[in-house]
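Below you'll find the structure, written out as structure tokens, and then a few comments.
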Number of protein chains: 2
Amino acid sequence: MTRFVLAAGTTATAWIDGLSAVDADPDLLSHAPSADAELIEYGHLVRAPAVPTSPTPAAVTRAVREQVGFETLVVDAGLAEPTGAPTVDVGANPGRDVREADPVPTAPGAWVAARDLGRALSDDELVIGETIPGGTATALGVCRALGVDCEEPRSSGNSEEPRSSGNSEEPRSSGNSEEPRSSGNSEEPRSPDDGEAAVPISSSHPENTLALKRAVVDAAFEASDVDPGEAAYRPKLAVRFLGDPVLAVVAGLAAGALESGTEVVLGGGTRMLAVVALLRHAGVAAPLTVATTTYVADDATPSPAADALDCDLVVTDPGFEGRDDALARYAAGEATAGAGMGGALLLAERAGALGRVADGTLEVVERLTESHGP
Amino acid sequence: MTRFVLAAGTTATAWIDGLSAVDADPDLLSHAPSADAELIEYGHLVRAPAVPTSPTPAAVTRAVREQVGFETLVVDAGLAEPTGAPTVDVGANPGRDVREADPVPTAPGAWVAARDLGRALSDDELVIGETIPGGTATALGVCRALGVDCEEPRSSGNSEEPRSSGNSEEPRSSGNSEEPRSSGNSEEPRSPDDGEAAVPISSSHPENTLALKRAVVDAAFEASDVDPGEAAYRPKLAVRFLGDPVLAVVAGLAAGALESGTEVVLGGGTRMLAVVALLRHAGVAAPLTVATTTYVADDATPSPAADALDCDLVVTDPGFEGRDDALARYAAGEATAGAGMGGALLLAERAGALGRVADGTLEVVERLTESHGP
């Protein structure tokens, strides 16, 4: 059986002015992951006051669920506000601002508890999604702490920092993203690539705020005892001092699931490549698939990064282009990933239901708008 | 849509020697509701060390779920041990021993939060089940606090206490359990009957321990400021001083659901009649159905009590009689109700799947035994 797991949490990094992807009321920002969880679970809000972003990728995930009927599980990866969705506790607290000295002290414990959970679920496959406002900055921080290159490929200027290279001593495996998914019998250990290709850090905000994110990560390194590249092969350290609780939980869930023979699909954009980097640096050699959307893939071309981390990249097109309704804003790049949208779309494609996702999403969005305003 | 909700919690009343229904390791007793929740959610254990009772009614509920595929929601109604099942928090803490002065201080708050949740779910129908070791003693206490007669009809001796009568001042509605379920347009307010028929307190333990339960409830009244009958029309008071957190959560969920036009089926035995008593004393006049099994109905003939409380009683036979396998112990009265078994069986009957429940339950039980021992 395939189970869809949503890791939902928060980081106070999101409150930094101008950083967050969300253009709505900042008071609602901390409710966003709680709202996403409710939307996916029930198709409407239960305790959350509103969905802070319109469009929200969670509406796509819900629409797919209504078509395909997959089982869901929400893991509390540091929620700051109540949710009416049922959640499993892994001991994660909301992340503090990464510019503090020890922003995510619960990360190592949550990683371990999530790993135990992922191992015990014993499903055939987990499709893992995540939701956290402000999460691209922490993903950038984690990649730099690991020594994985994470500059935006198409960004210009501000590249004064040298690209730090991973200090891998293992032989590099060759990227095999052109090949069909390997059966898991690969003899060759998979190791993080040493910086040949970048993990592109993009954002779901129309105006990419890479310079600000870089400055935030610089401040985070200054506040912590970790230098760029120093957390290589110590992924829990990277996520504790530069990351957020959601990255720890997703990595833990994936690691545990893979240990028990469960296949893992990470549904999302560039943050999921940071999770792959964490897993490779944790010594996880099993095959990994990142399922994303054309919007992410077109925007930031993560394919070289996926090759470098030896993971398969599956890109699905939700078919929202050319619409003149509420879905146009997805195609305009305002909700490119997150809330497991990429993973859900892969499930829709497998079930032959991809063609019905656009209308289904519109229905979910209209239902929400009717009951909670635009 | 029909959603199955499990309220899972604990009361330290269960630790009183000889009281609890569970014949297994007392150290495992507090894990029982967590295990039941996992079994229904996943079909196997995730964090709970073992299922403390064999047979457990949760195996039947899970078997029905595997046949029928209903959505589930577990509400944390005072769990004392971790569960790997996702849960919604309503602020319920584990109940203390009812012989303490204020055993369930979180009951009124949990009732209100559960009511908000039940109202917000907006489903067509909720089938509510519950799991709590030691819960028949607290159900007895609540009934006596409300002034609802709760002696076991067939019990002999030890009836020295006079049957307290409810101090209802409203006109009595006539029991209508012979009629088909009313459509909800009834003009007549439904009110608790004043003691004409007893709410029978039975137990899933082979040896019914009514005398001990009575003594525990007597001690509970002595420890609290509430006298028998004094909490009539003040149901939150009854459940706080004589009850347990699960009764509060089930009553709150049902009250909220009914307010929003959701139909409610209470799946269980005599404890669910105590919930009906709480709801009637809370002024809830809407139609209520208690779905139980032949084992409860044969054992304690709750039908007159259901009439008195003006609720419909639906009895389903899981068809375990005459089997020589692990299911024989269900038919022998060791797992007559609980974990929503009665409600799940009603869903199976509606779906035409009742005939497959026995084999399905055996499969669930065997799967459990293989992985966690008998």
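Throughout, protein chains are lettered first and strands after them, A, B, ... in sequence-line order, and every chain is numbered starting at 1.
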Among pairs that include at least one residue of residues 338-363 of chain B, which meet ring pair (Phe, Tyr, Trp, His ring centres under 6.0 Å), considering only residues two or more places apart or in two chains?
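Those involving residues 338-363 of chain B do not exist here.
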
Produce the donor-acceptor pair table for chain B versus chain A, cut-off under 3.5 Å.
unit_1   : atom_1 : unit_2   : atom_2 : d
B:His44  : NE2    : A:Leu121 : O      : 3.0
B:Arg47  : NH1    : A:Asp89  : O      : 2.9
B:Arg47  : NH2    : A:Asp89  : O      : 2.8
B:Arg65  : NH2    : A:Glu71  : OE1    : 3.2
B:Arg65  : NH2    : A:Glu71  : OE2    : 3.4
B:Glu71  : OE1    : A:Arg65  : NH2    : 3.2
B:Glu71  : OE2    : A:Arg65  : NH2    : 3.4
B:Thr87  : N      : A:Thr87  : O      : 2.9
B:Thr87  : O      : A:Thr87  : N      : 2.9
B:Asp89  : O      : A:Arg47  : NH1    : 2.9
B:Asp89  : O      : A:Arg47  : NH2    : 2.9
B:Leu121 : O      : A:His44  : NE2    : 3.1

What option among A:Leu117, A:Val88, A:Val74 has the most heavy-atom pairs under 4.5 Å with chain B?
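It is A:Val88.
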
With chain B as the partner chain, list the residues of residues 245-253 of chain A whose heavy atoms fall under 4.5 Å from it, by residue number, and write 'none' if nothing qualifies.
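Those residues of residues 245-253 of chain A which would need a heavy atom under 4.5 Å from chain B do not exist here.
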
Taking only residues two or more places apart in sequence, or in another chain, which ones meet A:Ala358 in a side chain to side chain contact (heavy atoms under 4.5 Å, CB included)?
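Partners of A:Ala358 by the side chain to side chain contact (heavy atoms under 4.5 Å, CB included) criterion, ordered by chain and then number, come out as A:Phe320, A:Arg323, A:Leu327.
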
Proximity breakdown for B:Val75 and chain A, heavy-atom pairs closer than 4.5 Å
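Contact with chain A involves no heavy atom of B:Val75 at all.
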
